[in-house]
K.L.:
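Below: one structure in structure tokens.
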Amino acid sequence: MNAWWVDAPGPMRTHPLRQGEREDPEPGRGQIRVRVLTCGVCRTDLHLAEGDLSPRGPLVIPGHEVVGQVDAVGDGVIGFRVGDLAGIAWLRHTCGRCAFCRRGDENLCEHPKFTGWDDDGGYAEYAVIDEQFAYHLASDSDPLTTAPMLCAGIIGYRAYRLSQPRPSSAIGLYGFGASAHLTAQLALHQGHRVHVLTRSPDAQRLALELGVDSAAGAADPPPEPLDAAILFAPAGELVPAALSALAPGGTLAIAGIHLSDIPALNYQDHLFRERVVRSVTANTRRDGEEFLALAAALQLRPTVTTYPFAQAEQALSDLADDRVNGVAVLRVAADA
């Protein structure tokens, strides 16, 4: 199969990815193999390529927003058949035995595995996944608009829940890329006021087109105190600004897997009056199922920039340089 893999992590200008031929993966017991149709391009892929996240295996294939058609099943598979449309997301294995798994917090599993980090992902013509961690997708799903739902959508949904918005809240979104522009649509559908803080003028325009209440610079004060905020940008220097913008009792959820250093916080200005700051770690399968159902019911629509599979490295470079408005998606198969 044709694939892209992380060859030598480093800045995108050093061309850290390599494209070439790899052996087709074979599904093991309980696994399905999909012919990849599309794969979303996530900032986590960029962190992996540039070395912010160290690859957990040699020559790992990135990509964890995979939409594909099942073309082979391993022994013991009961939930999928050849021809089904399936989604492969970031979380691909949990132990099921540790205290976190037993209490339902599998996103905190002590022995997890992740697609495109521990095991090969969707920057390839084929990918395999344990059927228990694959998502059933409707046969009429659009592969191009569904792919971003499988990480950008799911992690945004979890961050949104953990920011604990009250009814009719003012919510601040810091950074406005793939996750944020889907989260904004969800928050608007649920009756919240949404304020977007981002350095990109194009992202500000997109936010306003989607109907948010305001859009301004990343460090600007929002027009009203925030009941909840989510930091999507991997910029630790925005944490004090976001905390300062919170109303008493508000929560800041930090959605990224990687964040630059956070400056010193002042207790009175940033944390006093029961302001809360919390990280968001991965997701549970329940998060994914809930969000995909919500996205279908509310008809959430990502703004997609499509790249041919041969331009995967260009897509990551554009993401690194903030040239992607909305989400980037690789069209892996010609018929996607």
Side-chain angles (χ1 to χ4, degrees), residues 11-12 41-44 46-47 50 52 148 152 155-156 159-160 162-163 165 169-188 192-248 250-266 268-271 273 275-280 302-303 305 316-328:
M12 290 308 301
V41 178
C42 180
R43 190 163 290 276
T44 302
L46 179 62
H47 292 320
E50 294 197 317
D52 297 321
I155 198 65
Y160 170 72
L162 293 183
S163 72
S169 290
I171 299 177
L173 304 181
Y174 287 80
F176 201 70
S179 284
H181 93 295
L182 288 167
T183 306
Q185 294 177 54
L186 175 60
L188 289 168
H192 299 297
R193 302 182 304 284
V194 178
H195 303 292
V196 168
L197 298 308
T198 179
R199 66 185 182 182
S200 167
D202 287 341
Q204 292 173 17
R205 283 191 288 272
L206 174 60
L208 292 171
E209 289 170 4
L210 291 174
V212 304
D213 295 84
S214 73
D220 291 343
E224 62 177 318
L226 302 174
D227 301 299
I230 306 171
L231 177 59
F232 289 104
E237 65 270 19
L238 292 179
V239 170
L243 287 172
S244 294
L246 283 181
T251 296
L252 168 64
I254 300 175
I257 192 173
H258 170 78
L259 189 72
S260 60
D261 289 344
I262 300 172
L265 300 176
N266 178 281
Q268 296 294 330
D269 294 339
H270 300 134
L271 295 173
R273 302 195 72 189
R275 296 180 179 92
V276 175
V277 59
R278 65 183 307 166
S279 65
V280 179
T303 298
T305 301
L316 282 174
S317 293
D318 288 349
L319 184 62
D321 293 335
D322 290 332
R323 292 193 295 264
V324 176
N325 205 19
V327 296

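Keep in mind that this is a model prediction, so the values were computed, not measured.
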K.L.:
What closest approach, in Å, do L259 and A235 show between heavy atoms, and which atom pair accounts for it?
P.N.:
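That would be CD1-N, 3.5 Å.
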K.L.:
Measure the spacing between OG of S244 and CG of L226 and express it to the nearest 0.5 Å.
P.N.:
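The CG atom of L226 is 10.5 Å from OG of S244, to the nearest 0.5 Å.
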K.L.:
Report the residues that fulfil side chain to side chain contact (heavy atoms under 4.5 Å, CB included) with N325, sequence neighbours left out, ordered by chain and then residue number.
P.N.:
D202, A203, L206
K.L.:
Does Y160 have any side chain to side chain donor-acceptor pair (under 3.5 Å) partners at least two apart in sequence or in another chain, and if so, which?
P.N.:
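Result, side chain to side chain donor-acceptor pair (under 3.5 Å) vs Y160: Q190, H192.
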K.L.:
Evaluate side chain to side chain contact (heavy atoms under 4.5 Å, CB included) for V277 paired with H270, printing each intermediate quantity in order.
P.N.:
CA-CA 10 Å; V277 59; H270 300 134; over 6 Å; no
K.L.:
Main chain of A229, side chain of S163: is a donor-acceptor contact present, judged purely on distance under 3.5 Å?
P.N.:
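Not confirmed, S163 side chain does not pair with A229 backbone.
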K.L.:
Identify the heavy atoms of G156 and F232 that sit nearest to each other, and give their distance.
P.N.:
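Taking G156 first and F232 second, the nearest heavy atoms are CA-CE2, 4.1 Å.
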K.L.:
Which distance, rounded to the nearest 0.5 Å, do you find between the CG of L316 and the CZ of R43?
P.N.:
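If I round to the nearest 0.5 Å, the distance is 10.0 Å.
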K.L.:
If you look only at distance, which donor and acceptor atoms sit under 3.5 Å apart when one is on a side chain in residues 212-220 and the other is two or more places apart or in another chain?
P.N.:
from: D213; atom 1: OD1; to: V194; atom 2: N; distance (Å): 2.9
from: S214; atom 1: OG; to: H195; atom 2: ND1; distance (Å): 2.7
from: D220; atom 1: OD2; to: G217; atom 2: N; distance (Å): 2.9

K.L.:
Which heavy atom of A180 sits nearest a heavy atom of G175, and at what distance?
P.N.:
CB-O, 3.3 Å
K.L.:
Any side-chain heavy atom of S317 within less than 4.5 Å of one from R323?
P.N.:
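Heavy-atom side-chain distance check passes, below 4.5 Å.
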K.L.:
Please find the pair of heavy atoms, one from L197 and one from G172, that lie closest to each other, and give the distance.
P.N.:
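Closest pair (atom of L197, atom of G172, distance): CD2-CA, 4.5 Å.
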K.L.:
Please examine the side chains of S169 and R193, heavy atoms only from C-beta on, and report whether any two atoms are closer than 4.5 Å.
P.N.:
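With C-beta onward as the side chain, the pair stays apart.
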K.L.:
So how far is it from L238 CG to S260 OG, rounded to the nearest 0.5 Å?
P.N.:
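The OG atom of S260 is 8.0 Å from CG of L238, to the nearest 0.5 Å.
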K.L.:
For a quick test of reading the model, state the closest non-hydrogen atom pair linking L162 to T251 and the distance between them.
P.N.:
O-CG2, 3.6 Å
K.L.:
If you measure from CG on L182 to CG on L210, what distance do you get to the nearest 0.5 Å?
P.N.:
9.0 Å
K.L.:
Does T198 offer a backbone N or O that forms a donor-acceptor pair with the side chain of Q204 under 3.5 Å?
P.N.:
yes
K.L.:
Atom CG of N266 and atom CG of L271: how far apart are they, to the nearest 0.5 Å?
P.N.:
8.5 Å
K.L.:
Please say whether more than 12 non-hydrogen atoms of neighbouring residues, nucleotides or ligands are located less than 6.0 Å from CG in D261.
P.N.:
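Not buried by this count: 12 neighbours or fewer within 6.0 Å.
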K.L.:
Is any side-chain heavy atom of L319 less than 4.5 Å from a side-chain heavy atom of M12?
P.N.:
no
K.L.:
Find the distance between CZ (R273) and CD (Q268) and round it off to the nearest 0.5 Å.
P.N.:
11.0 Å
K.L.:
Indicate the atoms forming the closest heavy-atom contact of L246 with V276, along with that distance.
P.N.:
CD1-O, 4.1 Å
